[in-house]
Structures are given as C-alpha cells and as structure tokens.
Amino acid sequence: MRSHYCGSINESHIGQEITLCGWVHHRRDHGGVIFLDLRDRDGIAQVVVDPDTPEAFALADRARNEFVIQVKGRVRNRPEGTVNPDMPTGAVEVLGKELEILSKSDTPPFPLDEFVEVGEDVRLRFRYMDLRRPEMLNKLRTRSKITSYIRNFLDAEGFMDVETPILNRATPEGARDYLVPSRTHEGHFFALPQSPQLFKQLLMVSGIDRYYQIAKCFRDEDLRADRQPEFTQVDIETSFMDEDAIMAVTERMIREMFKDLLDVELPQFPRMTFAEAMQRFGSDKPDLRIPLELVDVDDLLEDVEFKVFSGPANDAKSRVAALRLPNGSVLSRKQIDDYTKYVAIYGAKGLAYIKVNDIEKGVEGLQSPILKFIPAEAAMSILSRVGAENGDLVFFGADKSTVVNEALGALRVKLGNDLDMYTYEWAPCWVIDFPMFEENGEGGWTAIHHPFTSPSCSVEELRTDPEHALSRAYDMVLNGTELGGGSIRIHDAEMQATVLEVLGISKEEADEKFGFLLNALKYGCPPHGGLAFGLDRLVMLMTGSNSIREVIAFPKTQSATCLMTQAPGTVDSRQLRELNIRIRKKESAG
Ligand code: ASP
C-alpha cells in the first residue's frame, strides 16, 4: 500500500511520485491550502493538498487528527523560509494528489500532536494510543534491538535457545506462585514459572552445554517497588564453566552491546564482595556513581554513656556508621527533617548528624543535637575518620546492621540523586561472595540466591557453620540496579541434600517438590552455572526510562491489573464448574 515510510523521505526523493500511509498527526488549514503532518513509526512527513486536486482537497478537509490515510503525491522542496531543520524530513514535503481515508478516529483521549502530561492510568487504559507517541515507540524499538543483539551474541557464542514449559509445578524460589487450576486433575494446580531455573539445570544434565532463553517469568509479589507480576528474563546456563568464565562472557555481552547500541564504553566491571558492598554502601547493589560511603565508627562509641550509640556499638549484629556529606551544611533544618522521615521508612528511629562549621575550633566549631551526649574526643575522632572538612554534614545510623544498612544505604542514594552528585554516567560492578543463607526470622535459614546455588565451602563446613558459609553467586549491578544474578549450581547429590537440610526442607518435601532434579543429579550431572538478566530493567536503563512500565508494551499496574483489558476478570460459572472450583464469598464485615 505504500512506497516509503513517512520518516524516510528526504531530498534524494525530490521529483518522485510516492505513496505514504499513516496517521494524521496534525492538520492545518492555511486558507486554501491544507497541511497534513502524516506520521508512521518512522517519523513525520508534511503533506500539502491544494484545491487544484478538488477530490483530495475535500478529503483532506475532512481528515482529523489520528485518521489513517493513504496519500499519493510528488516529493518537492519546501518553499524557501519554510524548511524545518529540526525535522529529519524538514527540507521536503509531499504535494498530495490522491488521498484516501482508510480509517477514521474519534477525538483521541489525549493529544498526540503536542506534549501534554497525561496520567499514567489514562495512558495505560489507552495504551495502544500511548504507544503511538514517538518516545514510546522508540523504547520498544530499542527493546527489540537489545533482544536481537543478545540473541545474535549468544548464538555466536554457541548458546542454544530452548523453550521451557509455562505450566509447571511450583518451584521453591521464594516468591508466591501464580497458580492455574487443572481441569483434568481435580484439585491439582499448575504453577507459572518464577524462572526456568530447574529446567535449565536439567538441560545441562542433558548435555545442552550452553542454553539461553528470553523467558517470561511470573511472581505474585506485593508490588511495592518497580516490579511487574510478569517480567522477562534473559536466562542463561552453561556447563563446564566456572564463575569467572560466566562473568567474563556475560560482561562482554553487556559491554559490546552498550558500545554497539548506545556508543557507550563501559569500563571493566570491578568486583566487590557482598561484605564490602554492605559495609561501604549499605547495599548489595551499590550505586557507584555516588561518591558517598558509610564508615564504621562502632569502636569509637563503645564506651560512651549514650545508649543509642553504645548499645549497637557493642552488639555484633548491629552497627554504628557515619555518612559524610561534603558541603552538606547547606541543608536546611527542613531538609534534614525530611531525610529523617525518609530513613524512618527503612526502620531508622532517627537521623543524628553533626554540622562541621569550623573544625579548627574543635567541638566548639560543631553543631549537633548529639554533642551533649558524646565526649568531645569521640566526636573529633569520628570526624577525623570520615575525613570531615568545614562545611560538611555527617549523618549517623546506629541500630541493627540490617536497619542501618537499609536506612543509610537508601539515604546515600537519595542524597546522590537530590543533590545531583553523580560522578559517572555509568557505574557497573559485580557483587560476589554472597552469604549462602540469611535468617528467616523463625530461627531457621533461607537461601539468599536459591537452594540450588553451590556454597564455596565443604559439606562439613556448611553443616557446622551455615551462618558464615559463602555461596558461588554473583550479581551484575549497574547504577544501583541489579541487572542480573546467577550462580554456580550444586551438581553433587550430597551437597544438595545438605543445603536442603540446613534450609529445613525434609527429604519427603524435597522429593515431592523437585525429586526430578535430585534424581537427575544421580545420572551424571556436569558442573554447571548460569545467570539471568532482568530484560525490563536492562531496557529501562538503556533507554533512560524511570520505570520498567515504560519499556513494557502492555504493563500491569502496581496492584497487578491491566487497566486496558480489565484483567484479571471473572469467569462464568460453567468454566468454574469444569475446574471444580467454587468461589467462597468474602464474609461481610458486621
Ligand atoms: N533463576 C535465577 C533467578 O531468577 C537466576 C539464576 O540463578 O540463573 O534469580
């Protein structure tokens, strides 16, 4: 139906008869001549229709924004003085001779020919219109380029794309499963995959050697942060490769892709242990663009009378950390109060600080509500340890280590963002040497990565000291976002049994839930490991978007609904009967 895309015409087409199809982006009637800006996914071309072609003119007169039309005409130079250097097609226009209205449009729910702030709910309800906006189209285009790049790269490295099932048994990956009732097996349910983890490991047992899949994954979590109930992973697994080799190939893929698609040279990714990341940045996904660090000062406050500090300073599971903000004394009381409220979200009971006015004057030159509680000597030692200078502000966190890390870690990122302190545009890193387990709050342990991750210690060490066991897991982090995570897996039945034992998963439960994997370990399982990238987050970062919803064609809301299709919806009683399901009425209050 068309000879060219609107966005592709330029001076090389002058004099040619062409046919364009697209949407009327904007229509202007200049007394006797009608200008139509015609838009397709490639761009916008200006079409001029004059009364010399009365039929076309009458149709152009009836056309409205977002009508779909076909135009046949000749490309010509725009008259002098009307060239638009900001438009790729701005030097030319099409003199429209024949015009056909292919489809009409009601008045759009929001204008597309000018930029207006539109509420996200309206955008999601009319997502098909929202996606017409060039910035949204561009995001999808970049997403497509990213997935092609990844496929080409992995294909060239000998990876095989294998699909794994969507209808599964529940896997023990920590999040809540989405369940699908079985019609043929009354009372039984499939679970949608939280990731293809067990299948990709089984593919290694089968000898596939190098696998990848761009896989949809489903997790029924409370969507506090920027999460989606269904999201996409670039899922990778390899045999006979250790963590260094896996990190090397995946890092190379990301670096080459940034160079190719964004012309960005990422530096080599530094590696940092989990312990160091927590200690210095309070986070296992440190944003290394921000030049602020947490500094331990426990030892300087062990003996002070002020319990708020001495309590945590003397407790092995707590910490007292200082965060120096250069030139921070410009912050107003109100700003400090706001930051105090902010850290409260992470459980901090307060946000102590010292303002450094004139360090030469000792404590006299300081300003702080806590100075009356701690000896001058301790205060000065802290300032010297963090390298404080005049004009600085030093914040403190004193609590359980988890609270201090979360609160000061988040404060660090917020300060960096609010005060625009970024020193690099891109700061990637690997975080390695994660602990195997964390306390589950009920006196037991949960796996930090997943139960199939290999520890870096022996079976005996794991059994006797699970708290200090490290895993062979690694996360790729970019600008404070976890891009991907993976691990070397357990390929030894005894080690797998020990991990399950530490996790308190009985043999019966393990056999019932994933006995097939445990069995497979008995039939010649190669050493293997892999990693999964969160594609949505990767695209979000690469397109400079501020939410993953911006880079998913049809995303769900924070409460896991689709505003456009109204999913989830009710189903009729026949369908429910077939599934042997009866809906229990919610008991009405009162
Ligand atoms: N399956 C893991 C996840 O979804 C990634 C991996 O270990 O490869 O986090």
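Start at 1 and go down the list; that is how both ligands and their atoms are numbered. Positions are given from 1, in the same order as the sequence printed here. Not measured: the values here are computed from a predicted model.
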- Task: Report, in ascending order of atom number, the atoms of ligand 1 lying under 4.0 Å from any heavy atom of Ser195.
- Result: 1 (N), 4 (O)
- Item | Contact (N/O only, under 3.5 Å) between Asp235 and ligand 1 | no
- Item | Close-contact set for ligand 1 against Gln197 heavy atoms, below 4.0 Å | 1 (N), 2 (C), 5 (C), 6 (C), 7 (O), 8 (O)
- Do the rings of Tyr212 and Phe159 sit parallel, tilted or perpendicular, given the 30° and 60° boundaries? perpendicular
- Query: Using a distance-only test with no angle check, is there a side-chain donor-acceptor pair under 3.5 angstrom linking Gln213 and Asp161?
  - Reply: no
- Under 4.0 Å from any heavy atom of Gly485, which atoms of ligand 1 are there? 5 (C), 6 (C), 8 (O)
- Any heavy atom of Arg219 under 4.0 Å from ligand 1? The part involved is side chain
- Message: Does Arg289 qualify as a cation-pi partner of Tyr422, given the criterion of NZ or CZ under 6.0 Å from the six-membered ring centre and within 45 degrees of its axis?
- Response: yes
- Just jot down the ligand 1 atoms closer than 4.0 angstrom to any heavy atom of His449, in number order. 6 (C), 7 (O)
- Query: Would you call Gln201 a ligand 1 contact, heavy-atom distance under 4.0 Å?
  - Reply: no
- Query: Distance only, no hydrogens: is a donor on one side chain within 3.5 Å (strictly under) of an acceptor on the other, for Asn580 and Arg183?
  - Reply: no
- For ligand 1, which atoms, with element, lie under 4.0 Å from some heavy atom of Lys200? 6 (C), 8 (O)
- Is the distance between the ring centroids of Phe434 and Tyr474 under 6.0 Å? no
- Who are the ring-ring contact (aromatic ring centres under 6.0 Å, His included) partners of Tyr342, not counting sequence neighbours? Tyr346
- Query: According to the interplanar angle, ranging from 0 to 90°, do the rings of Trp430 and Phe269 count as parallel (below 30°), tilted (30 to 60°) or perpendicular (above 60°)?
  - Reply: tilted
- Query: Is Gln194 in contact with ligand 1, taking contact as a heavy-atom separation below 4.0 Å?
  - Reply: no
- Task: Find all atoms of ligand 1 within a distance of less than 4.0 Å from any non-hydrogen atom belonging to Gln233, and give their numbers and elements.
- Result: 3 (C), 4 (O)
- Task: Under the side chain to side chain contact (heavy atoms under 4.5 Å, CB included) rule, collect the residues that match up with Asp572, sequence neighbours excluded.
- Result: Arg574, Gln575
- Query: Can you find an N or O of Glu237 that's nearer than 3.5 Å to an N or O of ligand 1?
  - Reply: no
- Message: Heavy-atom pairs closer than 4.0 Å: do any link ligand 1 to the side chain of Leu531, the backbone, both, or neither?
- Response: backbone
